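All values reported here derive from a predicted model rather than from experimental measurement. Note that the numbering runs from 1 along the sequence shown for the chain.
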Amino acid sequence: FTIGYGGSVSPTRSSAEMSLACLFMIVGVFGYGLTIANMTSVLANLDVVSMRFRSEQDRIARWMSYRTLPKALRDKIDVFFIYLYRRQRGVLTRHILAPLPPALRHEVACLDLGLIAQVPFFNRALRGEAFMQAAAQAFVPRIYPPGSDVVY
């Protein structure tokens with residue numbers, strides 16, 4: 001009894017040896033199957049963020065179809081979500097910051113003080129540091145795709 005190796009080996013008549021060989025072959029088949037399944041799972045999960053984005057895009061497309069939006073408006077909405085995905089790598093800042101304690105949110109907000117200080121109204125010479133930090137915490141990040149008209 002062989003598995004393809006050593007064709008010149010004489011077959012055994014011992015049922016214990018044959019049972020042990022069958023057991024090893026069955027264990028080997030299951031081990032090979034588990035290895036292939038695990039590798040497939042690992043490769044499929046490498047791109048989870050992209051899969052989640054495609055799922056969201058499908059959901060948005062179904063909603064737009066249900067609402068019978070004009071093609072031009074659908075295209076604008078698609079462009080916005082694609083831009084948002086590329087800009088934030090599929091992670092929305094508000095979902096990350098929301099569960100953080102206030103002290104940590106304050107530290108993260110203060111990282112943007114240099115950007116805020118570039119606006120003439122928020123000049124550090126005219127405004128105190130406490131005002132700048134309060135303004136940094138009050139701001140809500142928003143992303144607009146290129147070519148958008150922003151009116152507030």
Open item on the list: Under the rule for side chain to side chain contact (heavy atoms under 4.5 Å, CB included), what residues qualify as partners of Tyr66, not counting sequence neighbours?
Closed with: none

Task: Gap separating the CD1 atom of Ile77 from the CD1 atom of Ile60, nearest 0.5 angstrom - done: 8.5 Å

TODO: Applying side chain to side chain contact (heavy atoms under 4.5 Å, CB included), name anything that partners Tyr83, two or more places apart in sequence or on another chain.
DONE: Arg87, Ile143, Pro145, Pro146

Open item on the list: Can you list everything that forms a salt bridge (charged side-chain N to carboxylate O under 4.0 Å, His left out) with Arg59? Sequence neighbours excluded, please.
Closed with: Glu56

Open item on the list: With clusters defined by side-chain heavy atoms of hydrophobic residues (ILVMFWY) lying less than 4.5 Å apart, directly or transitively, does Leu73 cluster with Val79?
Closed with: no

Task: Connected hydrophobic set around Tyr32, excluding itself, where side chains approach under 4.5 Å - done: Ile36

- [ ] Determine whether more than 12 heavy atoms belonging to other residues, nucleotides or ligands lie under 6.0 Å from atom CZ of Phe131.
- [x] yes

TODO: For Arg74, enumerate each residue passing the side chain to side chain donor-acceptor pair (under 3.5 Å) test, keeping only those at least two apart in sequence or located in another chain.
DONE: none

Task: Arg54 with Asp58: basic N within carboxylate O range, under 4.0 Å - done: no

Open item on the list: Which residues pass the side chain to side chain contact (heavy atoms under 4.5 Å, CB included) test with Ile82, not counting sequence neighbours?
Closed with: Phe53, Gln57, Arg86

Task: Co-members of Ile26 in a cluster of I, L, V, M, F, W and Y side chains, linked at under 4.5 Å - done: Phe30

Task: Flag, side chain of Ser65 to backbone of Ala61, donor-acceptor distance under 3.5 Å - done: no

Task: Single-linkage hydrophobic cluster, 4.5 Å side-chain cutoff, Leu20 and Met25 together - done: no

Task: side chain to side chain donor-acceptor pair (under 3.5 Å) partners for Asp78, two or more places apart - done: none

